[in-house]
Amino acid sequence: MPKHHSSKFRFRSFQKQLKNSVKSGDYTTISSERTVAERSRTFTELVKHFFSMIGKRRRDIISALGFLTIGAIVGLIPPAATKVVFDNILGDQLLPAFILDRFPSLENKMILLSVIAIGTVFLALISLIFSIRGRWIATRTTKRIQVDLRRKAFMHASSLPLHRVHQLRSGGAASLVREDAGAIGELVFGLCYNPWRAIIQLLGILIILLFVDWRLLLFSIVLFPIVFFTHRTWISRIRPLWRSIRGTRQFCDAMVTESFGGARVVRSFSRQRSESSNWIRSNHLLVRKELLAWWLSRGIDIAWSVLIPIATAALLWFGGWQVLHDRELIATGEITASQAITAGDLVMFLTYLAMLMGPLATLAESATQLQNSLAAIDRVLDLFNEKTEQEEHLGGQIVTREATRGTVSFQSVCFKYPGTDANVLEDISFEAKEGKTIALVGPSGSGKTTLCNLVAAFYNCTSGTIQLDGTTLQEIDLNSYRTLLGIVEQDIFLFEGTIASNIAYGKRGATPEEIKLAATQAAADDFISDFRDGYETEIGERGVKLSGGQRQRIAIARALLADPRILILDEATSNLDTESERLIQHSLSTLLKNRTSFVIAHRLSTIRDADQILVLDKGRIVESGTHDELMARSEHYHDMVVLQTHPN
């Protein structure tokens with residue numbers, strides 16, 4: 001679909017997809033703006049997954065339901081007082097003899113009325129205390145589940161292979177972790193608390209109504225099939241719709257994050273209006289979907305808003321007719337007063353009937369809200385089903401800095417990015433010996449950065465093997481291997497915070513002295529000291545308050561502090577002016593010493609002293625050797641050097 005179709009056009013296409021998917025039962029055909037394969041799970045599957053996700057929190061849920069049960073049962077007692085008020089206080093009937101024998105003072109109607117009033121308040125307070133306690137436990141459990149699942153989703157998303165992280169986009173990942181993982185916690189209420197309360201109230205009321213008059217009960221339960229069929233009619237459309245809404249919301253969040261992250265580019269090309277228009281179109285589509293979900297959800301509410309008054313009026317007519325009819329039968333002697341339906345019975349029945357509508361409406365409403373949360377589980381399960389890079393990297397051998405020599409060898413390595421057909425690297429074979437520096441040169445797109453990404457194990461090679469000290473990387477535990485690495489890239493990423501915290505990111509528990517020493521070696525101490533707050537200076541998001549050269553020197557200081565066994569420098573001096581580059585050349589020599597280093601650079605000054613230079617072109621190694629060797633025998637390398645040193 002073209003990118004700039006109007007939201008109305010995209011929404012109509014979506015409606016067709018929704019209609020076809022409901023007919024076929026294949027909800028994965030609905031566009032949700034995601035680029036990962038989705039699957040549709042049954043209600044039973046999703047419920048099982050939910051209870052497996054909450055783990056030890058099940059005990060808290062059971063405790064909340066226990067308090068709720070007591071509160072709900074006690075709360076059913078006070079409405080029964082209406083019968084006593086109408087029959088025994090306002091009417092002429094007496095209380096049963098066994099009660100009057102025990103409490104003779106209740107023959108006084110004012111005393112009886114006072115007891116009824118006080119008892120009603122007391123029972124209401126008892127019900128409130130237990131209900132509030134149960135709701136507090138349920139709410140606390142919801143928040144704990146949200147924290148647990150958000151942490152798990154964050155850990156899993158951040159451990160995905162690099163290409164999947166790029167597909168998620170930062171804003172989309174944030175939406176998935178915050179919104180979807182958080183919505184699963186709401187199932188404590190949507191799946192457990194609210195339905196259980198409704199069921200307790202429903203069963204309790206039905207039992208009470210059965211004792212009042214079974215004929216009125218039979219007439220009222222005619223509503224139950226209507227609940228079932230209205231649920232069946234609408235619910236099949238709601239969950240896939242909510243799933244698509246969540247996908248579109250994730251897409252919109254990703255657009256916002258991307259637009260603000262690239263604010264400099266957006267403004268430099270004066271594309272604010274264009275970016276705003278793209279986001280507004282997607283947001284309009286989101287709103288149209290949300291309004292459709294609102295109408296589908298309100299369909300049940302509208303049905304009940306019509307049915308409840310009709311049912312109440314019908315029962316009022318039927319019950320009133322029954323009371324009048326029984327009075328006639330008493331007058332003719334066909335039945336006794338105890339067998340007749342009294343006005344108190346009718347009022348109590350209608351009171352409980354009104355209460356009956358509450359849990360029925362709660363069940364209907366919970367069913368629609370439940371689909372929203374189940375859609376969130378569906379999406380989070382899609383995330384959890386994706387393999388992390390650790391799972392793709394099956395090795396478990398632990399490596400340590402002390403036991404690692406640092407020899408890295410490539411043997412017939414080929415690589416293509418996931419989802420593409422063409423190899424980016426082709427038949428790469430070389431050995432970077434312990435403590436040696438390998439320089440990678442070649443035109444843009446020749447595969448230099450990709451090769452370094454394979455060294456860092458950001459990707460697995462498509463064929464061939466990469467070894468560390470004779471052990472294939474696939475056999476090594478990925479986390480332990482990464483502790484050996486230090487990386488300084490051309491596109492420097494700094495975290496929001498202080499200069500000190502960014503330098504210390506390279507070593508847990510680094511002391512201020514170690515941080516200052518690393519900054520001094522990276523020629524960063526002078527400009528840091530010029531700041532009013534020195535090393536405690538806040539640098540803003542991605543180090544926006546620093547110049548490009550300053551950011552690069554902090555990144556080099558971070559790598560120096562980490563003291564890696566394997567070092568990757570990807571255009572590490574590209575943003576430095578001549579003076580700054582001169583200042584840190586000695587520091588770079590110190591950084592490269594006794595480390596296996598891979599250096600990508602176009603500047604001759606950073607590669608001429610390399611132990612081995614690999615010349616790449618179109619994903620292949622076309623030449624290798626030292627600077628002097630290549631200058632003597634490689635026309636390709638010679639021309640590159642001449643072009644750089646004598647561009648005219």
Side-chain angles (χ1 to χ4, degrees), residues 389-390 393-413 415 425 427-441 447-461 463-489 506-508 510 514 517-518 521-522 555-570 572 586-601 606-614 616 621 624-627 629:
E389 62 174 358
Q390 187 70 53
H393 201 98
L394 301 177
Q397 181 175 330
I398 304 296
V399 292
T400 62
R401 188 189 307 270
E402 295 73 25
T404 299
R405 299 194 311 276
T407 297
V408 177
S409 62
F410 279 56
Q411 298 176 0
S412 303
V413 169
F415 174 75
L425 295 177
D427 194 27
I428 302 294
S429 296
F430 70 93
E431 183 177 64
K433 295 191 177 185
E434 172 187 356
K436 301 298 183 181
T437 297
I438 307 297
L440 305 173
V441 299
K448 305 184 295 297
T449 299
T450 300
L451 189 150
C452 288
N453 284 338
L454 294 183
V455 173
F458 290 149
Y459 299 95
N460 295 324
C461 54
S463 62
T465 59
I466 304 173
Q467 296 182 341
L468 173 67
D469 296 340
T471 303
T472 304
L473 288 189
Q474 285 288 331
E475 300 175 11
I476 299 174
D477 177 77
L478 192 58
N479 290 329
S480 68
Y481 174 69
R482 294 267 173 78
T483 62
L484 307 176
L485 300 178
I487 302 175
V488 181
E489 297 180 301
K507 181 181 179 180
R508 291 183 178 88
E514 290 174 323
L517 176 61
Q521 292 175 335
I556 292 172
R558 182 167 61 189
L560 281 164
L561 185 60
D563 191 24
R565 295 293 298 121
I566 300 171
L567 178 66
I568 297 173
L569 300 178
D570 187 351
H586 177 72
S587 299
L588 284 176
S589 300
T590 303
L591 182 61
L592 296 172
K593 190 175 182 180
N594 298 324
R595 294 183 176 88
T596 305
S597 304
F598 296 84
V599 180
I600 300 175
T606 58
I607 60 174
R608 68 189 313 162
D609 295 328
D611 297 292
Q612 184 180 10
I613 300 172
L614 302 180
L616 279 77
I621 297 176
S624 66
T626 64
H627 172 70
E629 291 172 347

Not counting sequence neighbours, which residues clear side chain to side chain contact (heavy atoms under 4.5 Å, CB included) with [X]? List them please.
| X | value |
| --- | --- |
| T471 | Q397, E475, I476 |
| Q467 | S409, Q411, T465, T472 |
| E514 | K507, A510, T511, L561 |

- request: Could you tell me whether the side chain of T483 and the main chain of S480 form a donor-acceptor pair under 3.5 Å?
  value: yes
- prompt: Quick check: does any side chain N or O of D469 sit under 3.5 Å from a backbone N or O of R405, one acting as donor and the other as acceptor?
  reply: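 Yes, because the side chain of D469 sits within donor-acceptor range (under 3.5 Å) of the backbone of R405.
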Nearest 0.5 angstrom please: [X] [atom1] to [Y] [atom2], how far?
| X | Y | atom1 | atom2 | answer |
| --- | --- | --- | --- | --- |
| L569 | I556 | CG | CD1 | 7.5 Å |
| L473 | I466 | CG | CD1 | 5.5 Å |
| E629 | I613 | CD | CD1 | 9.0 Å |
| D611 | H627 | CG | NE2 | 14.0 Å |

What pair of heavy atoms forms the shortest contact from [X] to [Y], and how long is it?
| X | Y | result |
| --- | --- | --- |
| A610 | A439 | CB-CB, 3.7 Å |
| C461 | F415 | CA-CD1, 4.1 Å |
| C452 | I600 | SG-CD1, 3.5 Å |
| R482 | F458 | NH2-CD2, 3.8 Å |
| N460 | L454 | C-CD2, 4.3 Å |
| T407 | T596 | N-OG1, 4.3 Å |

field: side-chain hydrogen bond (donor to acceptor under 3.5 Å, both in side chains) partners of T450, counting only residues at least two apart
entry: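 side-chain hydrogen bond (donor to acceptor under 3.5 Å, both in side chains) check on T450 returns Y417.
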Exercise answer: donor-acceptor pairs, residues 427-436 side-chain atoms, under 3.5 Å, sequence neighbours excluded:
from : atom 1 : to   : atom 2 : distance (Å)
S429 : OG     : S412 : N      : 2.8

- prompt: Is there side-chain contact between S624 and L614, with at least one heavy-atom pair below 4.5 Å?
  reply: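 Result yes, sub-4.5 Å side-chain heavy-atom pair found.
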Side chain to side chain, T437 and D609, heavy atoms closer than 4.5 Å: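 In short, these two side chains do not touch, never coming nearer than 4.5 Å.
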- request: Using the salt bridge (charged side-chain N to carboxylate O under 4.0 Å, His left out) rule, collect all pairs that involve residues 558-569, keeping only residues at least two apart or in two chains.
  value: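 Those involving residues 558-569 are D563-R595.
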query: Among L567, L468, I568, which one satisfies side-chain contact (heavy atoms from CB on, under 4.5 Å) with V455?
result: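 When side-chain contact (heavy atoms from CB on, under 4.5 Å) is applied between V455 and each of L567, L468, I568, only I568 qualifies.
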task: Starting from the C-alpha separation in whole Å, work towards a yes-or-no answer on side chain to side chain contact (heavy atoms under 4.5 Å, CB included) for D570 and I487.
output: CA-CA 8 Å; D570 187 351; I487 302 175; 5.9 Å; no
